[in-house]
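Report on one structure; see the data block that follows.
Residues take their numbers from the sequence shown, with the count starting at 1. Order of appearance sets the numbers: ligands from 1, and atoms from 1 within every ligand. Only heavy atoms go into these numbers, but all of them, side chains included; no hydrogens, no water, no symmetry mates.
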Amino acid sequence: MEKIAFQLKNRKEQVSIPSNLGFGQIFTDHVFEMDYDSGKGWYNPQIKPLDRLSLHPATMFIHYGQAVFEGLKAFRTRDENVVIFRPDRHLQRLNNSSRRLCIPEIDVDFVLSALKELVWLEREWIPTKKGESLYIRPFIFGSDPVLGVRPSASYKLIILLSPVGAYYPEGFKPVKILATDEYVRAVRKGIGECKTPGNYAASLYASEFAKRQGFTQVLWMDGVEQKYIEEVGTMNIFIRFNNEIATPKLTGGILPGITRDSVLQILKDWEMEVTERLIPMDEVVSEFKKGNVLEIFGTGTAAIISMVGLLKYKDIEMKFDSAQPDNLAAKLFDEITSIQYGHSEDKYNWLTHVTKKEVEVA
Ligand code: COI
């Protein structure tokens with residue numbers, strides 16, 4: 001692969017980060033970009049000032065959705081180190097999504113080194129408050145200007161950076177979730193396990209319906225019988241029963257969340273009884289009625305750990321008290337964010353350090 005070319009913006013003013021960040025509304029000054037052509041492979045890697053894209057109206061992904069993306073985060077630790085949380089896993093998952101969408105894979109090591117260069121260059125944009133971070137959005141789209149349905153022969157990869165706070169408008173307060181069997185997000189053997197725009201487009205109609213009724217998100221059920229719970233679309237879901245913490249197993253219709261994986265590792269380390277299995281909604285309801293569901297929470301890169309305050313399914317409302325002293329979601333939030341901000345040891349080796357030594361801006 002060629003060396004990364006740098007075209008840097010002349011920064012006149014100091015970076016100023018707003019106090020109320022929200023999610024994905026402001027962006028840093030530079031992006032990483034690279035192109036692909038079937039004859040050449042990936043080429044033209046560059047870090048350049050953020051700018052608008054100029055695209056032909058026939059650009060393939062706009063019509064047929066041939067695109068994939070990732071979401072990961074960089075943090076400034078307590079001792080002023082810059083770290084990225086599990087970037088290798090995210091870039092491998094980007095490749096897994098790409099394979100299913102007939103998009104050429106990237107060289108994970110090369111893109112990771114480019115990402116480190118970009119994050120180091122934009123390090124002043126990393127917010128420092130707990131719950132805030134620099135959200136990293138790598139994405140790839142098919143760029144052939146052709147209307148025929150086939151895999152594109154050319155692609156663009158862009159890495160965009162955005163300083164973010166809490167994902168949900170509630171902040172880190174408990175969210176209200178509506179479980180639906182009226183619509184489905186994905187079916188097994190489809191593209192539900194890929195991070196690709198179509199899955200998010202498929203979720204919008206029911207999500208808007210839920211929002212109009214005061215809910216934050218939808219809990220999706222399996223695409224065939226609408227019997228088993230699957231995921232929330234922006235999060236994976238965990239149910240804490242009396243003697244077991246269960247999360248839906250990865251059947252192909254569910255995104256294999258990296259925070260989900262981190263939570264599974266932590267819970268096993270804490271010697272808790274944790275299972276990945278099919279979870280029928282009827283079981284959740286009947287166990288709730290018996291007082292055996294202690295809490296429900298979601299996990300995701302954007303949302304981190306999000307307690308569910310209310311889960312509604314048909315006319316059953318399952319309410320949970322977020323102030324319980326042994327609340328597991330709060331403990332998990334603390335455990336993960338303490339690693340991310342350098343307050344506790346990185347014992348799982350999840351942090352990739354970005355240091356000046358590694359990054360030589362040409
Ligand atoms: C994430 O958790 O990073 C996501 O991608 C969810 C959403 C912002 C699309």
Hey, can you pull the donor-acceptor pairs under 3.5 Å for the side chains in residues 301-312, sequence neighbours left out?
none

For ligand 1, list every N/O pair with the protein closer than 3.5 Å, one pair per line with the distance.
from     : atom 1 : to     : atom 2 : distance (Å)
ligand 1 : 2 (O)  : Thr301 : N      : 3.4
ligand 1 : 2 (O)  : Ala302 : N      : 2.9
ligand 1 : 3 (O)  : Tyr135 : OH     : 2.6
ligand 1 : 5 (O)  : Tyr135 : OH     : 3.3
ligand 1 : 5 (O)  : Lys195 : NZ     : 2.8

- Query: Do Gln92 and Asp88 get their side chains close enough for a donor-acceptor pair, meaning under 3.5 Å?
  - Reply: no
- Message: Between Lys156 and Glu33, does any NZ, NE, NH1 or NH2 come within less than 4.0 Å of an OD or OE carboxylate oxygen?
- Response: yes
| request: State, without any angle test, whether Ser154 and Asp37 hold a side-chain donor-acceptor pair at a distance under 3.5 Å. | output: no
For Phe69 and Tyr200, I'd like to know if the aromatic rings sit close, meaning centre-to-centre distance below 6.0 Å. yes
message = If the threshold is 4.0 Å, N to carboxylate O, is there a salt bridge linking Arg240 and Asp326?
response = yes
